[in-house]
Amino acid sequence: MIIGAMNDPKKNVAEEIALFGEMGFDYFELTIEAPCAHPDKLMKEKKEVQDALSSYNFGVLAHMPWYFSVAHPYPPIQEAINGEFCRAFDAAVEFGAKKATLHSEFLPSGIQERQVHVAKTIENVGKLCKEAEARGLELLVENFNASSFSIKDFKQLFSEVDIGMTLDVGHAFTSDGEGLENYLAQFRKRVKHVHLHDNDRRTDQHLPLGAGKMDVARAVKELKAFYDGTITLEVHSHDRDYLRISREKLEMMWYGRKKFEENREYLQPGKKV
Ligand SMILES: [Zn+2]
């Protein structure tokens, strides 16, 4: 298991990388979003970003703007959004990403009939999958909640499109999230990447681990039973220290205190935990 952190798109990307590097994260998840991580801006700052990545030996995963529709009711608007997805895929490849995550549709499904919403999502995700593949990127689809795209909808998607999943544990724990165990019962084999953060089990708060009501230790145990890949801590606290604390908590839960302390002693001899 390796642990990553995601940039706040309102902040300078190279500075975000340096912050996570100093905190000892293992890789960087680049969310390609306005205003500071828009594709044009990234291309302008390409050298600084690449230098920061290589100085911390960071691999990169890409993340698409969470608010980009994948099943917009107006086809010309969806086409324009797909164009922007492709620009983001191009930018992701420039920084060496091999996987990119996009969210399920975020517009309320009441805007168009459920069947239409689901069919459009499946058709468009299939299209975007091909666009990503042509660039050497593997596209992953992330769960948000049942109103956005339910477990039943995901089942239909996976029966028609061969695509992996980014399992967002925090999202699964919200009141409309359908529960981690239900996702795991169905899609274990699809999980290629994980997002982890805490909440009050009602809304999507992206809290530090332990600051909400999620049984984080149990979630970690469930993950560890079948998964040993990338876990990005999507903790959106204003005080970034909570990212470091969340990382320590995750490592402690994953490895147990003894192994955690041995790992720390190996990496930072003499430093008290
Ligand atoms: Zn997420």
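Everything quoted here is computed from the prediction, not taken from an experiment. Whatever order the structure lists ligands and atoms in, that order sets their numbers, starting from 1.
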Working to the nearest 0.5 angstrom, can you tell me the gap between Thr101 OG1 and Glu29 CD?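 Taking OG1 in Thr101 and CD in Glu29, the distance rounds to 5.5 Å.
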
So, taking the atom named CG in Asn199 and the one named CG in Leu207, what distance separates them when rounded to the nearest 0.5 Å?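 So the gap between those two atoms works out to 6.5 Å.
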
Give a rough value, rounded to 10 degrees, for the angle at the Zn ion (ligand 1) between atoms OE1 of Glu234 and OE2 of Glu142.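 Vertex at the Zn ion (ligand 1): approximately 170°.
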
Under 2.8 Å from the Zn ion (ligand 1), can any N, O or S atom of His195 be found?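 His195 does place an N, O or S atom closer than 2.8 Å to the Zn ion (ligand 1).
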
Give me the one residue out of His63, His171, His103 that meets ring pair (Phe, Tyr, Trp, His ring centres under 6.0 Å) with His195.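 Only one of His63, His171, His103 forms a ring pair (Phe, Tyr, Trp, His ring centres under 6.0 Å) with His195, namely His63.
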
Full working for side-chain contact (heavy atoms from CB on, under 4.5 Å) between Phe144 and Ser104: CA-CA 6 Å; Phe144 180 42; Ser104 58; 3.8 Å; yes

Nearest to the Zn ion (ligand 1) - the N/O/S atom of Asp168, by atom name: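 Closest N, O or S atom of Asp168 to the Zn ion (ligand 1): OD2.
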
